[in-house]
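Since the structure comes first, as structure tokens, the remarks are kept for the end.
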Amino acid sequence: MCGIVAYIGQKEDVPKILLEGLKRLEYRGYDSAGLALVDGDKTYVAKVKREGKNSVIGDLAQKVSCSSGRGTVGIAHTRWATHGEPNETNAHPHTDCDGEIFVVHNGIVENYLSLKHRLEKKGHVFRSETDTEILAHLIEEYFEGDLEKAVRTALRDVSGTYGIAVISNRDPGKIVVARKGSPLGIGLGEKEFIVASDAAPIISHTKQVIYLDDGEMAVLKEQNYQISSIQTNGRIRKEATEIEWDLKEAEKGGYPHFMLKEIFEQPNSIRDSMRGRLISEEGLSMLGGIRDYEDVLRKKKNIKIIACGTALYSGMVGEYMLEEQGGIETETEFASEFRYRSPVLDSKHSLVLAISQSGETADTLAAVREAKRKGVLALGIVNTVGSTIARETDAGIYNHAGPEIGVASTKAFTSQLTVLALLSLFLGRQRQLTESHGRQIAEALQKIPGQVKEVLKQNENIKKIARKYAAAKNFLFLGRKYNFPIALEGALKLKEISYIHAEGYGAGEMKHGPLALIDENFPTMAIVPNDSVRDKMLSNIKEIQARRGKVIVIATAGDREMAGLVDDVIYIPETIEMLSPILTVIPLQLFAYHVAVALGRDVDKPRNLAKSVTVE
Amino acid sequence: MMIDTIVIAAAGNGTRMKHLAKNKPKHLINVLGRPFLSYLLANIKKAGFKKIVVVIGRHREKFIEFARQHKKQFDLTLVDQFGVFPESKYGTAIPVLAAQSALGNEPFVYLMADNLYGVNDLKAARAAKQSTIFGMLTERWDLYGSIEQTPAKSLVKIREKQASPGLNLGNSGLYTFYQEIFPVLEKLGPSPKNGEYMITTAASTLTKKHPIRVAVCADPWLDFGKPSDVPKMAKFLRK
């Protein structure tokens with residue numbers, strides 16, 4: 001995700017302003033940080049990598065105060081790594097061959113490799129492994145005295161997303177910023193401008209902000225600014241908006257909790273998980289992280305998915321996807337179980353797939369090591385770049401969902417489902433999945449972010465339903481097939497943050513025990529999209545109602561029969577069966593959230609739980 | 001010294017081919033049982049080219065499949081334009097820039113993949129000793145652009161949709177370029193009319209510093225852009 005701050009103006013202590021701004025953005029990324037200042041033809045750069053549990057901004061402040069960095073113009077960055085390990089070389093700001101153009105960047109340059117080859121042929125020398133450094137050299141390549149013109153021309157060669165700020169001592173006294181897919185706001189002050197990835201750093205300086213839209217860029221000088229279109233040069237006039245939040249609210253983007261913010265980020269995080277990885281028209285997915293193993297993977301005959309908690313439930317959905325679409329025998333197992341028993345693995349035909357948001361989960365890491373000890377190829381689906389599981393697996397796929405602050409996992413889960421769908425497409429097309437079927441999956445996947453947005457619009461409705469049931473002491477969650485793991489996840493979410501006891505069950509098992517629990521005080525949440533097992537679920541719901549149990553249903557929009565059957569329905573848009581979990585889990589996240597809030601719980605930091613379970 | 005390298009632009013959208021190009025690139029539409037591109041490549045091979053660079057974009061997997069199936073007949077180097085540049089950087093000049101890293105320092109011939117060029121014209125392009133543009137006699141400059149040349153047969157400029165003074169010479173889309181084209185391409189901006197980066201604009205700019213020679217196509221020339229071109233092409237190929 002990353003956070004950017006930039007400042008141009010008359011205040012004396014520019015480093016202090018930048019560092020304070022970065023502190024407000026630390027939640028966006030914190031594995032490394034840096035800043036650059038320009039003062040006429042003089043430049044200053046400082047970068048640090050996070051050490052242990054220290055605040056990386058604190059460390060950067062120390063480094064800066066030990067030197068005498070001065071400047072009237074500055075840019076700064078706090079990093080959440082996507083390309084290149086977290087270290088000082090890969091930290092931003094990045095610079096060109098002569099160290100005269102500085103860039104901070106939030107986003108992903110998709111074609112950075114081919115741009116890099118082109119530039120290397122022209123003699124550019126690269127220091128880091130990042131995609132961002134390419135931007136500095138590309139701007140250098142096109143620079144002829146006017147920084148804005150060089151940035152504009154360079155950006156036309158760039159595929160991907162960016163929120164960038166650029167300064168140079170070769171064209172001092174200005175900051176050039178641009179936006180495509182990553183947020184950027186310009187705070188309008190008294191003869192000063194402060195730019196940032198969101199409102200948090202801007203608030204203490206001004207309440208007037210202009211948010212750039214995609215495809216727009218701006219030049220900021222001390223006295224004035226000009227916004228224009230990147231593609232057409234045309235000048236653009238925009239209205240400033242007034243920030244109404246206070247600081248705490250601004251960090252959470254106006255949301256009362258990080259968890260709610262992360263739930264609402266899902267349309268974007270899911271899109272980022274797919275970005276550059278789907279060739280719809282051929283029904284193919286492109287997974288750069290495992291491409292080198294393409295031939296090896298073709299020969300694998302069984303997959304063992306290992307994970308903990310919510311990640312395991314995504315693995316269970318993945319199991320069904322990999323078997324149904326991929327045609328490969330797949331099993332899921334809790335890492336804590338796998339590592340202590342003696343699983344049977346075949347180094348020639350088996351593949352171990354570890355799923356972890358943090359990449360540091362102790363049991364999952366131990367399971368990966370166990371698998372490797374047995375000579376089995378290990379892949380990882382990990383959200384944190386450079387984490388231990390990412391480093392120790394042979395290859396893998398990064399989620400690109402950005403840092404997840406809330407302890408209860410939400411956007412990491414849906415991005416795991418997205419990556420698993422891409423992996424099923426990849427492995428399936430190597431086997432019996434046809435092009436037209438693959439295309440169907442790819443096209444449905446592309447619709448998902450927009451559909452998630454539709455589901456999120458029902459937030460108020462879900463809140464009402466949650467309040468109705470907040471007094472429950474127990475809850476049953478039911479689902480079948482692809483939505484059986486979602487029932488498990490829904491129950492886990494409710495347990496985690498509201499502390500209400502909840503159990504997830506496959507609906508087919510209900511009659512073999514749990515049905516005995518049902519009475520008017522034991523409500524049920526049934527996940528019943530319009531798929532191949534809908535009718536069976538319908539019978540299960542009737543059985544519960546016959547015992548006076550109340551039922552909330554998650555159903556596909558247009559399913560009128562449900563509306564007549566139960567009191568409370570939450571509708572989701574129609575999609576293919578294997579992707580329905582990405583949509584059905586959203587109301588369950590919101591349901592758990594609103595119940596927890598109604599009960600006054602600490603949603604972002606539930607009792608007894610830690611974000612990354614690094615103990616066994 | 002004959003030129004051995006040719007760059008073929010095949011990244012296009014095929015919008016005029018409509019339903020025929022929905023699931024495959026227009027250059028791979030079958031004529032008389034074989035994909036159109038194989039006829040063009042056969043002529044290119046007969047003309048003696050050794051290195052064939054095909055710049056692809058949309059439907060890239062279909063080209064990769066085509067290249068794999070025809071590996072014994074044609075040794076193709078594929079370049080994915082959309083891997084080098086964003087899709088928004090589009091136009092007839094972009095395939096040349098995208099192919100730059102595959103080219104080295106030699107001169108090269110450049111053409112659009114949706115025209116069937118004859119062997120004689122391709123040979124003439126190979127033999128060109130300076131940057132050259134090939135025109136053909138036509139009344140349809142609204143379709144093909146028109147070439148204005150000096151009495152000494154140097155390119156003055158290329159006009160889109162407008163007749164040029166003098167001979168009715170349409171732009172066939174076949175060029176020979178020497179390395180001097182690259183600095184011009186790198187500085188090339190998008191057309192104010194449609195935002196595309198056009199090779200014709202680049203040529204009109206290049207000729208001011210390094211005069212581009214104008215040559216005339218000797219072979220008959222057919223383009224392959226609309227559904228009605230399929231039977232027309234079939235008829236021609238039967239002969």
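Labels below follow one simple rule: chain letters A, B, ... track the order of the sequence lines, proteins then strands, and each chain is numbered from 1. Only this structure's heavy atoms are used, side chains among them; waters, hydrogens and symmetry mates stay out.
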For [range], give me every residue with a non-hydrogen atom less than 4.5 Å from any non-hydrogen atom of chain A.
range	result
residues 93-102 of chain B	B:Gln100, B:Ser101
residues 197-210 of chain B	B:Tyr197
residues 104-113 of chain B	none

So what's closer than 4.5 Å to chain B heavy atoms on A:Leu284: side chain, backbone, both or neither?
side chain

Interchain contact, A:Lys122 with chain B, by part (heavy-atom threshold 4.5 Å)
side chain

Evaluate whether atom [atom1] of [X] has more than 12 neighbouring non-hydrogen atoms of other residues, nucleotides or ligands under 6.0 angstrom away.
X	atom1	value
A:Lys238	NZ	yes
A:Arg235	CZ	no
A:Arg291	CZ	no

Before accepting this row, confirm whether a basic side-chain N of the pair [X]/[Y] lies closer than 4.0 Å to the acidic partner's carboxylate O.
X	Y	value
B:Glu61	A:Arg429	no
A:Glu144	B:Lys187	yes
A:Glu282	B:Lys62	yes

Heavy atoms only: give me the nearest B:Val84-A:Asn111 pair and the separation to one decimal.
O-ND2, 2.7 Å

Please report the shortest heavy-atom distance between B:Gly83 and A:Ser114, naming the atom on each side.
O-OG, 2.7 Å

Tabulate below the donor-acceptor pairs under 3.5 Å that side-chain atoms of residues 153-160 of chain A make, not counting sequence neighbours, or state none.
| unit_1 | atom_1 | unit_2 | atom_2 | d |
| --- | --- | --- | --- | --- |
| A:Thr153 | OG1 | A:Lys149 | O | 2.8 |
| A:Arg156 | NE | A:Ile230 | O | 3.2 |
| A:Arg156 | NE | A:Gln231 | O | 3.4 |
| A:Arg156 | NH2 | A:Ile230 | O | 3.2 |
| A:Arg156 | NH2 | A:Gln231 | O | 2.8 |
| A:Arg156 | NH2 | A:Asn233 | OD1 | 3.0 |
| A:Asp157 | OD1 | B:Lys89 | NZ | 2.2 |
| A:Asp157 | OD2 | A:Tyr142 | OH | 2.5 |

If you measure from CZ on B:Phe85 to CG on A:Leu115, what distance do you get to the nearest 0.5 Å?
7.0 Å

